[in-house]
Amino acid sequence: MLFYIFDNFTNIQQYIAIASILAFVICFLLLKLKLPFLPKDKGRAFAVNGEVSKGKIRGVGIIMICTFMLCSIFLLPISKEFLCYNVLLFFEMLSGYLDDASNKPWSDYKKGFIDFIICVIISVVFVYNNSTAIMIFDYEIYIHPILFVILSTILLWIGINVTNCSDGVDGLCATLSIISLFSISLIFFNQIGEQYTVYSFIMIGILIAYLCFNTSPSSQLMGDAGSRPIGLLIVLMVLKSSHPLSYLLLSAVLLVDGIAGLIKIFLKRFLKIEVLKNIRTPIHDEMRKNHGWSDTQVLVRFCIIQVFMSTIQYIISR
């Protein structure tokens with residue numbers, strides 16, 4: 001809508017700045033209201049310093065994602081594909097919010113099934129509207145659409161859950177997500193295109209607004225309502241770049257932080273195999289509990305590692 005108005009007066013760099021600043025201001029003002037329907041955190045029994053979060057406003061991801069949707073609809077050209085992604089991100093947020101607000105946390109099976117359905121639908125929508133050819137270095141490889149749906153569903157599901165796992169240290173999930181989204185947009189601008197680059201930067205503006213309330217000591221937590229759709233968005237941007245393997249570097253810290261716990265739970269629950277017995281998961285809990293890192297050390301060191309990994313991807317992609 002507004003895209004067509006500003007398009008006559010601004011270049012893409014200016015429009016990215018306008019979109020991200022507008023998203024920041026709107027989200028910041030809404031978060032500052034401390035809306036009464038937002039639940040309070042009950043503390044996490046098995047997380048390091050989980051009791052510190054008790055009583056904080058939780059589930060502000062509902063504000064973040066709704067702001068993201070409204071800004072993207074008003075600031076970007078509308079297409080069926082684009083609307084489908086927005087609707088599915090909304091449902092991912094809604095499932096996370098209902099879990100955040102529930103007196104009894106949802107089971108892993110229930111959340112995993114909802115994630116799976118949403119990931120399948122996004123994969124089908126993507127395949128219907130985009131090429132299934134992917135780039136590995138300078139080589140283009142065509143993937144059969146059915147196989148692409150299967151593989152992208154797995155990647156989307158992993159992206160949701162590893163991003164969610166990182167949401168245990170003040171500022172960590174949001175900052176790593178900003179680095180990932182910025183890196184994807186910078187490195188693959190030509191592949192992603194102007195619309196989805198602005199889409200990505202709208203979320204960056206929202207995440208920066210959230211960090212105003214989530215840096216240590218935080219007063220608000222995005223909860224599953226925020227972390228899960230953000231993980232979905234990061235993978236969607238990677239798929240749009242036609243370089244899905246770049247996720248390994250561009251979200252390396254999110255992946256490593258969360259994947260160990262997913263593997264540990266999967267093997268124990270379904271195959272009765274216990275691994276990593278002496279390592280706490282997510283990995284940020286291992287660093288805090290067994291290596292004496294403070295929350296600030298975890299945040300800064302993890303972000304430095306992610307910037308380094310993103311730089312390697314930039315070099316590879318040149």
Side-chain angles (χ1 to χ4, degrees), residues 44 46-50 108 111-112 115 119 136 151-184 186-188 207 214 222 224 226-239 241 243-269 273-317:
R44 287 160 286 179
F46 301 104
V48 176
N49 299 331
D108 292 339
K111 291 187 288 187
D115 292 343
C119 291
I136 300 180
L151 295 176
S152 60
T153 296
I154 294 171
L155 185 59
L156 286 161
W157 191 90
I158 290 173
I160 289 172
N161 286 279
V162 297
T163 306
N164 181 51
C165 287
S166 72
D167 190 28
V169 177
D170 287 344
L172 183 62
C173 180
T175 308
L176 289 175
S177 297
I178 288 171
I179 296 171
S180 290
L181 288 170
F182 181 83
S183 301
I184 295 166
L186 174 67
I187 297 171
F188 299 118
L207 287 169
N214 187 247
M222 70 168 79
D224 286 3
S227 60
R228 303 180 84 82
I230 289 169
L232 203 59
L233 178 65
I234 292 171
V235 178
L236 177 59
M237 291 300 103
V238 169
L239 292 175
S241 76
H243 290 74
L245 293 182
S246 68
Y247 184 78
L248 298 175
L249 288 175
L250 294 177
S251 290
V253 175
L254 287 171
L255 189 59
V256 172
D257 191 32
I259 199 71
L262 296 179
I263 292 173
K264 189 176 182 179
I265 292 170
F266 177 83
L267 291 177
K268 183 175 181 180
R269 186 169 297 177
I273 299 173
E274 292 194 33
V275 297
L276 306 174
K277 292 182 180 180
N278 298 319
I279 297 178
R280 296 184 68 97
T281 55
I283 298 300
H284 64 250
D285 275 353
E286 166 70 16
M287 306 316 293
R288 289 192 292 175
K289 179 68 175 180
N290 297 332
H291 298 270
W293 289 17
S294 67
D295 286 2
T296 302
Q297 287 174 320
V298 169
L299 173 61
V300 173
R301 291 171 181 175
F302 276 27
C303 288
I304 289 172
I305 294 170
Q306 184 53 63
V307 169
F308 178 73
M309 301 304 285
S310 294
T311 303
I312 292 175
Q313 180 63 55
Y314 178 80
I315 294 170
I316 291 172
S317 300

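It should be emphasised that the depicted structure is a prediction, and the values quoted were computed from it without experimental measurement.
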Beyond-backbone contact of [X] with [Y], side-chain heavy atoms, under 4.5 angstrom:
X	Y	answer
Pro282	Asp285	yes
Ile259	Asn161	no
Ile279	Asn290	no
Leu151	Leu155	no
Cys119	Leu232	yes
Gln313	Ile187	yes
Thr175	Leu207	no
Leu254	Ile234	yes

Atom of [X], atom of [Y] and distance for their closest heavy-atom approach:
X	Y	value
His284	Cys165	CE1-O, 3.1 Å
Gly159	Val235	CA-CG2, 3.7 Å
Glu286	Arg280	OE1-N, 2.9 Å
Ser166	Leu172	O-CD2, 3.6 Å
Val162	Gly258	CG1-C, 4.0 Å
Asn164	Ser227	OD1-OG, 2.8 Å

Could you give the distance from [atom1] ([X]) to [atom2] ([Y]), rounded to the nearest 0.5 Å?
X	Y	atom1	atom2	result
Ser177	Asp167	OG	CG	9.0 Å
Leu245	Ile136	CG	CD1	5.0 Å
Thr163	Asp257	OG1	CG	10.0 Å
Leu239	Ser246	CG	OG	9.0 Å
Ile184	Ser241	CD1	OG	7.0 Å
Ser180	Leu255	OG	CG	10.0 Å

Give a yes or no on whether the ring-centroid distance for Phe188 and His243 is below 6.0 angstrom.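 Yes: the rings meet the under 6.0 Å criterion.
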
I'd like to know if the side chain of [X] and the backbone of [Y] have a donor-acceptor N/O pair within less than 3.5 Å.
X	Y	value
Asp295	Val169	no
Gln306	Ala252	yes
Ser294	Gln297	yes

Working note: Leu250 + Met309, criterion side-chain contact (heavy atoms from CB on, under 4.5 Å); need CA distance, chi angles, decisive distance, verdict. CA-CA 7 Å; Leu250 294 177; Met309 301 304 285; over 6 Å; no

Ile179 vs Ser310, side-chain contact (heavy atoms from CB on, under 4.5 Å): CA-CA, chis, key distance, verdict: CA-CA 8 Å; Ile179 296 171; Ser310 294; 4.0 Å; yes

